[in-house]
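The residues of the chain are indexed from 1 along the displayed sequence.
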Amino acid sequence: MKTAAYAAQSAESELEPIEIERRQLGDNDVHIDIEYCGVCHSDIHTAHNDWGGTVYPVVPGHEIIGRVKAVGDKVSNFKQGQLVGVGCMVDSCQTCSACDDDLEQYCENGATMTYGSEDPVLGGPTHGGYSNQIVVDEKFVLNVSEKLDTKAVAPLLCAGITTYSPLRQWNVKKGDKVGVVGLGGLGHMGVKLANAMGAEVVMITTSPEKGKDAKRLGAKEVLVSKDEDAMKQHMGSFDFILNTVPVPHDLNPYVGLLKRDATMVLVGALEPLPDLHGAGLILGRKRIAGSLIGGIKETQEMLDFCAEHDIVSDVEMIDMQDINTAFKRVMDSDVKYRFVIDMKSLKS
Ligand SMILES: [Zn+2]
Ligand SMILES: [Zn+2]
């Protein structure tokens with residue numbers, strides 16, 4: 001089955017229209033008409049081959065919202081017309097210890113990512129949500145509440161779960177002082193979610209002008225990391241820090257902000273980071289950890305939590321044809337806080 005999409009043909013080329021193949025509906029598959037797809041930093045890194053290994057053409061997009069068009073004979077949890085989501089993964093081995101623990105993102109045999117993985121059925125690379133239709137095993141399809149603003153739900157599928165999962169894993173609770181470093185697609189979700197969990201959220205940023213917005217999103221306070229006096233006042237006071245900065249940066253000042261035994265979790269930077277002073281960790285038994293998206297079960301839990309607490313992403317809508325401008329603006333941090341593509345603009 002053919003469907004319209006947008007793809008990058010090389011690391012240097014802009015995204016352009018393409019027709020791609022989707023598999024025939026299998027017994028356990030859900031066929032989805034895509035309505036919206038968020039534009040994630042990873043889409044850009046992958047299109048530009050920043051992390052290496054991109055197989056072209058690549059159709060990015062892993063913040064997918066759509067309606068069920070058809071279901072396979074053995075599908076039990078979804079029916080035609082239902083509002084659903086697909087995030088960063090579309091398959092995993094289902095047999096390893098990570099999959100057994102509902103942590104498919106850490107599948108020991110390698111989860112099949114929504115784009116850029118080897119397609120287990122068709123061969124070649126999997127293609128993401130910058131397209132009109134997708135066919136996904138029901139185990140990797142999420143139920144989406146009709147209650148929320150549908151288009152603004154799309155970014156929850158990556159930015160939402162990426163920040164929700166560490167907040168849950170490290171047990172962030174009412175009254176905890178939580179720092180969120182970086183106010184972008186991930187950071188703005190981190191502020192909203194930690195606030196909804198009852199934490200006292202402090203936005204930690206290099207740009208004082210982001211302060212007002214951070215407070216609107218739910219931050220109690222704004223800490224400008226370039227202000228040495230302010231940093232001193234907050235030394236040793238944080239129960240948890242969620243670091244969403246997507247580029248290499250000095251972690252040492254943030255380690256200083258942690259309480260004894262507290263943890264800073266990195267969710268943004270996949271690159272080598274500048275030197276870390278051991279003393280900062282040792283004198284206080286502090287920890288730095290990392291976290292990758294969340295499993296399917298936890299992603300459903302996050303969507304349900306957001307429906308209950310009325311949480312969506314702040315989005316700016318674009319047409320598919322605007323994607324190359326949107327990529328440039330994301331790289332310039334010129335979006336509040338997530339672009340979402342209205343897939344009606346891409347006619348098959
Ligand atoms: Zn993403
Ligand atoms: Zn597995």
Side-chain angles (χ1 to χ4, degrees), residues 8 11-12 39-54 58 60 62 88 105-106 113 116 155 158-159 161-163 165-167 169-170 178-191 194 202-211 214 222-228 230-231 234-235 238 240-258 262-284 286-293 326-339:
E12 291 76 32
V39 178
C40 173
H41 251 280
S42 307
D43 299 352
I44 301 173
H45 285 305
T46 304
H48 293 172
N49 199 24
D50 292 336
W51 297 327
T54 299
V58 61
H62 59 205
C88 302
Q105 74 273 36
Y106 306 119
M113 306 315 279
C158 175
I161 187 59
T162 298
T163 50
S165 182
L167 291 169
Q169 176 66 25
W170 275 273
V178 170
V180 176
V181 187
L183 185 57
L186 292 174
H188 96 290
M189 287 313 309
V191 171
V202 178
M203 179 75 235
I204 305 172
T205 174
T206 51
S207 357
E209 67 274 12
K210 288 193 173 168
V222 176
L223 172 56
V224 177
S225 52
K226 284 174 180 162
D227 180 343
E228 279 182 34
M231 288 291 277
H234 284 271
M235 283 276 278
F238 282 84
F240 181 77
I241 294 178
L242 181 68
N243 184 328
T244 71
V245 178
V247 291
H249 60 289
D250 184 8
L251 299 180
N252 295 295
Y254 306 118
V255 172
L257 295 173
L258 292 168
T263 302
M264 171 163 67
V265 175
L266 310 180
V267 292
L270 283 162
E271 301 79 355
L273 296 162
D275 291 346
L276 181 68
H277 295 293
L281 294 173
I282 292 167
L283 306 174
K286 299 176 185 181
R287 299 157 207 192
I288 293 177
S291 179
L292 174 70
I293 49 174
F327 269 21
K328 288 191 189 83
R329 285 185 53 198
V330 172
M331 287 187 287
D332 292 339
S333 304
D334 175 25
V335 54
K336 285 183 176 172
Y337 281 92
R338 207 58 147 186
F339 285 115

I'd like a table of donor-acceptor pairs (distance under 3.5 Å, sequence neighbours excluded) in which one partner is a side-chain atom from residues 262-274, with atom names and distances.
none

For this session: Output all residues satisfying ring-ring contact (aromatic ring centres under 6.0 Å, His included) with Phe327, sequence neighbours left out; order by chain, then residue number.
Result: none

Exercise. What pairs with His41 under ring-ring contact (aromatic ring centres under 6.0 Å, His included), at least two apart in sequence or on another chain?
Worked result: His45

Exercise. Does the pair Leu257 and Val202 meet the rule for a side chain to side chain contact (heavy atoms under 4.5 Å, CB included), with working shown?
Worked result: CA-CA 11 Å; Leu257 295 173; Val202 178; over 6 Å; no

Exercise. Can you list the residues that meet the side chain to side chain contact (heavy atoms under 4.5 Å, CB included) rule with Thr206, with sequence neighbours excluded?
Worked result: Ser225, Lys226

Seminar exercise, completed: d(His277 NE2, Leu251 CG) to nearest 0.5 Å is 11.0 Å

For this session: Kindly write out the residues that satisfy side chain to side chain contact (heavy atoms under 4.5 Å, CB included) with Lys336, not counting sequence neighbours, or none if the list is empty.
Result: Asp213

Problem set entry | Closest contact, heavy atoms only, Val222 versus Ala214 | CG2-CB, 4.2 Å

Exercise. Is it true that a side-chain atom of Asn49 and a backbone atom of Thr54 form a donor plus acceptor pair closer than 3.5 Å?
Worked result: yes

Exercise. Can any side-chain N or O of Thr205 pair as donor or acceptor with the backbone N or O of Ser207 at less than 3.5 Å?
Worked result: yes

Problem set entry | side chain to side chain donor-acceptor pair (under 3.5 Å) partners of residues 241-253, not counting sequence neighbours, each pair once | Asn243-His249, Asp250-Asn252

For this session: Look at the side chain of His188 and the backbone N and O of Gly185, then say whether any donor-acceptor pair between them is shorter than 3.5 Å.
Result: yes

Exercise. Under the side chain to side chain contact (heavy atoms under 4.5 Å, CB included) criterion, do Met231 and Leu223 qualify, and how do the steps go?
Worked result: CA-CA 7 Å; Met231 288 291 277; Leu223 172 56; 3.9 Å; yes

Exercise. When rounded to the nearest 0.5 angstrom, what distance separates CE in Met203 from CG in Leu183?
Worked result: 4.5 Å

Problem set entry | Test log, rule side chain to side chain contact (heavy atoms under 4.5 Å, CB included), inputs Trp170 and Leu242 | CA-CA 10 Å; Trp170 275 273; Leu242 181 68; over 6 Å; no

Problem set entry | Test side chain to side chain contact (heavy atoms under 4.5 Å, CB included) applied to Pro208 - qualifying residues, sequence neighbours left out | Val224

Exercise. In terms of heavy-atom contacts, does CD of Glu228 have more than 12 from other residues, nucleotides or ligands at under 6.0 Å?
Worked result: no

Exercise. Under 3.5 Å, is there a donor-acceptor pair between the side chain of Lys286 and the main chain of Leu258?
Worked result: yes

Problem set entry | Chi angles and distances behind the side chain to side chain contact (heavy atoms under 4.5 Å, CB included) call for His62, Cys40 | CA-CA 8 Å; His62 59 205; Cys40 173; 3.5 Å; yes

Exercise. Under the side chain to side chain contact (heavy atoms under 4.5 Å, CB included) test, which residues partner Asp334, sequence neighbours left out?
Worked result: Arg329, Asp332

For this session: Please name the pair of heavy atoms, one in Ala159 and one in Arg338, separated by the smallest distance, quoted to 0.1 Å.
Result: CB-NH2, 3.5 Å

Exercise. What is the minimum heavy-atom distance between Leu167 and Gly190, and which atoms define it?
Worked result: CD1-O, 4.2 Å

Seminar exercise, completed: Of all heavy-atom pairs linking Ile161 and Pro166, the shortest is O-CD, 4.3 Å

Problem set entry | Greater than 12 external heavy atoms within 6.0 Å of Met235's CE | no

Problem set entry | For Ser165, side chain to side chain donor-acceptor pair (under 3.5 Å) partners two or more places apart | Glu298

